[in-house]
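Just so we're on the same page: letters track the sequence lines, and every chain starts at 1.
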Number of protein chains: 2
Amino acid sequence: MTLKEIAERAGVSRGTVDRVMKNRGGVNPETEKRVRRIVEESGYTPNRAGVALVRSKRPMVVGVITNSIGNPFFEEVYRGVEEALGEYRDYGFSVLRREIKGYDVEEQISAMRSLFDQVDGLVFTPIDDAKIAREIGVYAAAGKPAVTVTADVEGSDRVLYVGCDYYKSGQTAAKITALATGGQGEVAIVTGSFKMLGHNDRVRGFRSVLKDTDLRVAEILECNDDDKTAYEKTARLLKNRPALCAVYVAAAGVAGTVEAVAESGVPLFIIANDLIPATREYVRQGRVLATIDQQPARQGYAALKNMFDILLGERPANERFYTDLAIRMQYNI
Amino acid sequence: MTLKEIAERAGVSRGTVDRVMKNRGGVNPETEKRVRRIVEESGYTPNRAGVALVRSKRPMVVGVITNSIGNPFFEEVYRGVEEALGEYRDYGFSVLRREIKGYDVEEQISAMRSLFDQVDGLVFTPIDDAKIAREIGVYAAAGKPAVTVTADVEGSDRVLYVGCDYYKSGQTAAKITALATGGQGEVAIVTGSFKMLGHNDRVRGFRSVLKDTDLRVAEILECNDDDKTAYEKTARLLKNRPALCAVYVAAAGVAGTVEAVAESGVPLFIIANDLIPATREYVRQGRVLATIDQQPARQGYAALKNMFDILLGERPANERFYTDLAIRMQYNI
DNA sequence: CTGAAAGCGCTTACAG
DNA sequence: CTGAAAGCGCTTACAG
């Protein structure tokens, strides 16, 4: 079924059908009703190749902000973005990227504003802060949808969140920890930041599973995603608690933790999250027992692809899209 | 860069550029050289939306044979096929499906032949048999590419294999088994068929990792992917070997194995492969400790998408595309 | 050996 | 309130 056929059946021109379908107004109510009925009955949807060709005159542009400076995890997310772009570039889409460092609210807002006039929609990893939510509102008011990737922000108008379930990711890590230790002994947790929603969710998930075992959390260390801090705090802890049997690294800081453990000579199990090159290497070597992978490249890919569909007028089925969590160990890394 | 621009720069018509790019011949050697140089220099690739629109007059059709009758695993593969189709239908592609049951060479060949005249390419899960390889050769000779999904066949002209690395999948299962048992005791293996390449690779991978532990394989049972057989053989074994500490189910037959273990009352760890609804439920309940997921839906999706690209003239970068192996346990199922 | 034209399905001004 | 036409980038006959 094509636009032309619809128009013929309704006895009008393609222009009129278009006016009806896009709710552009200025159509005789009788005519509109007739057209609408025929569209419904035939289940017509516009052919995407036809639409794409027209759009290629002035491609739609999606703004993408990545916290990738000095953070290889977000390079992975962006790899997925590029993959989706490669598939859809010819269909009239492009991407405008801004790279920022870390989680500074003002810097993130400034990136959002600098992109505003040039883009039709925004994909980014928000800091969970009311100011960011408000800025998303500015985009929404201008008809520019926002999709959050990897992390979400409370109470905003973002159309879709693409990322993992952090609570489950902590639970999964605990399950592996229990298996390795026989479910007995003391565990330390190295977390990223107490201010990050996802990190806290992981810790909560981890603890919830430990309740059913004889494992206890000896201490929880905040490293601010910094390897040096992770190293120092872990090293100090290991001196005071030689009886530890495992360390759970809930965010970044894996390399620092691994180093401290190696120097201590204590035979600990290290369980991590996420799959950056350094962690992959540690798992391969057996220095990290397992890592819980949230598939960042798939997140970037899905975020962008969904954004394209949203710009084409399709609403996502669900406001959250969770990527699977995969446990990776020595042989499936 | 568009065809039109290329034609203008070369001072010829679009038709002539097309003749050069498709190697259709009948072009003055001088002209051809000039066009080719300009195409190279500009890095021109045809716009896919434009190509799609023309192709929509007569869509290309991909034949898909699935061994899905009575086998939920292949329903998952087909879900992925449908997802890819949903994305690419408007770009001038369609699918013609044949469903068959099990692994009968003659039945598979007959499905291949019945599809031959109606399709431009074939996606299927081959039996590892020389007759099948020969039949792929018939397709290849007619310029109809074949992509194998989930399983591969030796010595054929298939263009691409999309599936997992079975050896690694067995290794990964062994790693989990070792972790759960403390690396000591006796393990039974329930395999599908000694005639299936993938099943044997899994068993080999499993054994290779066990060598570094104090785990021993007590017995290896062939169940022909049948739950009843799995149940009977496992039940019998458990009577003779009450000291078993784990069972590795290398293919189908999980439900039968689980039942036999439950009845025996012996507290065994069960480690499985693949993620069908039944297995998911067992993992959720804790009756199966872990399963190694090869992501069948992604396999179907990638197989079809790659086939579309192949039909458009792109050769895949590699002749094998491995989907990731994910360990799934109670909290990430 | 080569070019001009039609047409794939759509959207976008423009004319009335 | 409505339609005719141009054009997006490509391929496919067809004419010469």
Chemist: On DNA chain C, does the nearest nucleotide to A:R14 precede the nearest nucleotide to A:R19 from the 5' side, or the other way round? Give the residue.
Modeler: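 Here A:R14 is the residue nearer the 5' end.
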
Chemist: Tell me, please, the opening and closing nucleotides of DNA chain C, 5' to 3', among those with an atom under 4.0 angstrom from a non-hydrogen atom of chain A.
Modeler: C:dG9 to C:dT12

Chemist: Taking the basic N atoms (NZ, or NE/NH1/NH2) and the acidic carboxylate oxygens, is any pair closer than 4.0 Å for A:E41 and A:R37?
Modeler: yes

Chemist: What's A:R58 touching, base or sugar-phosphate or nothing? Going by heavy atoms closer than 4.0 Å.
Modeler: nothing

Chemist: For a quick check of understanding: with a heavy-atom distance under 4.0 Å over all strands, which category does A:Y91 fall into, base, sugar-phosphate or nothing?
Modeler: nothing

Chemist: May I ask you to say whether A:R315 pairs ionically with A:D309, meaning some side-chain N is under 4.0 Å from a carboxylate O?
Modeler: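 Salt bridge flag = no for A:D309 with A:R315.
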
Chemist: Looking at B:E87 and A:R48, is any side-chain nitrogen of the basic one under 4.0 Å from a carboxylate oxygen of the acidic one?
Modeler: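 Salt bridge between A:R48 and B:E87, a charged N being under 4.0 Å from a carboxylate O: no.
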
Chemist: Determine, for B:R19 against B:E32, whether the closest basic-nitrogen to carboxylate-oxygen distance falls under 4.0 angstrom.
Modeler: no

Chemist: Quick one: do A:E107 and A:K101 make a salt bridge, cutoff under 4.0 Å?
Modeler: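 No salt bridge links A:E107 with A:K101.
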
Chemist: Listed in order of residue number, which residues of residues 45-57 of chain A have a non-hydrogen atom at under 4.0 Å from DNA chain D?
Modeler: A:L53, A:V54, A:S56, A:K57

Chemist: What is the pairing partner of C:dC14, taking Watson-Crick or G-U wobble pairs with both distances under 3.5 Å in any strand?
Modeler: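 WC or wobble partner is D:dG3.
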
Chemist: Could you check whether the rings of B:F93 and B:F308 sit parallel, tilted or perpendicular, using 30° and 60° as the cut-offs?
Modeler: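 Parallel, since the angle between the ring planes stays under 30°.
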
Chemist: Does the gap between the ring centers of B:F116 and B:Y139 come in under 6.0 Å?
Modeler: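 Ring-ring flag for B:F116/B:Y139: true, centres closer than 6.0 Å.
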
Chemist: NA contact type, A:N28, heavy-atom cut-off 4.0 Å: base, sugar-phosphate, or nothing?
Modeler: sugar-phosphate

Chemist: Flag the pair B:R320 and B:D165 as a salt bridge only when some basic side-chain nitrogen lies within less than 4.0 angstrom of an acidic carboxylate oxygen.
Modeler: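 Salt bridge: no.
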
